[in-house]
Structure formats: structure tokens, C-alpha cells
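Note sheet for the following structure.
Treat the numbers as computed from the prediction; the structure is a model and nothing was measured.
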Amino acid sequence: MRLRRRSRREPPEIAAAAANELGFATANKAALALVDEKIRSNPNYYPSPEAQKKFHLPKVKDEKSNKMWQRAWNRAKGIE
């Protein structure tokens with residue numbers, strides 16, 4: 001059975017209801033106004049722009065380094 005990919009995002013009402021029910025942030029900007037204030041004002045879910053400036057992404061490794069790290073990880077897991 002092949003799953004079909006959804007072509008559009010969830011309606012804001014559904015995304016907000018899920019966020020409110022489960023207590024997590026939503027990436028659906030249209031739903032943000034419908035999310036409970038308690039969640040919306042939590043900096044752990046929605047960090048301030050100042051906090052976001054401190055975020056960093058890991059650097060992309062070249063193919064050789066990636067293979068080396070994959071082998072090391074596999075050895076650590078006992079696969080290799």
C-alpha cells in the first residue's frame with residue numbers, strides 16, 4: 001500500500017486544536033492566533049527572536065567525513 005503525500009497544510013483550526021490538546025507548538029502560522037495563550041507565551045515553544053539568534057545548525061560534512069561518522073556510529077551500536 002502506497003501512502004499519498006498531502007499537498008497542503010492542515011487547516012488552522014485543526015493545527016490549533018492539536019497544539020492545545022497535546023500541549024505543543026505548531027508551525028502553522030495561521031493557527032497561532034487560535035493556540036492557547038499559555039502555550040503561545042511559553043518561550044520553550046516559541047523562543048524570542050533574541051534567543052533564536054543563538055541557535056546554530058550543525059555544519060554539513062563532506063561525503064568522506066559522513067561515511068566515517070556513520071561507520072563509527074554503527075560500531076557504537078554494535079552493527080559493524
Side-chain angles (χ1 to χ4, degrees):
M1 180 171 144
R2 186 173 175 186
L3 299 176
R4 290 177 34 200
R5 190 172 185 177
R6 292 177 60 175
S7 61
R8 60 181 201 167
R9 292 191 288 184
E10 289 181 347
E13 298 79 17
I14 294 174
N20 291 332
E21 179 72 23
L22 300 173
F24 66 85
T26 179
N28 188 328
K29 290 187 180 193
L32 193 54
L34 304 172
V35 173
D36 290 341
E37 178 62 30
K38 182 178 174 184
I39 295 171
R40 208 172 45 228
S41 63
N42 186 330
N44 292 317
Y45 296 136
Y46 298 102
S48 68
E50 296 81 31
Q52 290 180 30
K53 288 179 185 176
K54 296 178 183 178
F55 294 170
H56 70 279
L57 294 173
K59 293 182 181 177
V60 176
K61 298 183 280 284
D62 59 23
E63 189 64 28
K64 183 178 178 182
S65 297
N66 193 33
K67 284 182 181 182
M68 180 190 71
W69 281 105
Q70 187 63 47
R71 275 192 235 106
W73 179 243
N74 287 344
R75 281 194 303 273
K77 293 190 306 184
I79 296 173
E80 209 172 279

Practice item. Grab the two heavy atoms, one from Ala31 and one from Ala15, that are nearest each other, plus how far apart they are. Key: CB-CB, 3.8 Å
Review point. About how many Å separate CG of Leu32 and CD1 of Ile39, when rounded to the nearest 0.5 Å?
Key: 10.5 Å
Revision key, fill the gap. To the nearest 0.5 Å, atom CD of Gln70 lies from atom CG of Asn74 at 4.5 Å
Exercise for review: Go through the structure and list residues passing side chain to side chain contact (heavy atoms under 4.5 Å, CB included) with Ser41, not counting sequence neighbours.
Suggested key: Glu37
Check your understanding: So, the side chain of Asn20 versus the backbone of Asp36: is there a donor-acceptor pair under 3.5 Å, distance only?
Key -> yes
Check your understanding: Is there a donor-acceptor contact under 3.5 Å from the side chain of Tyr45 to the main chain of Thr26?
Key -> no
Review point. So which heavy atom on Val35 is nearest to which on Ala19, and how close?
Key: CG2-CB, 4.2 Å
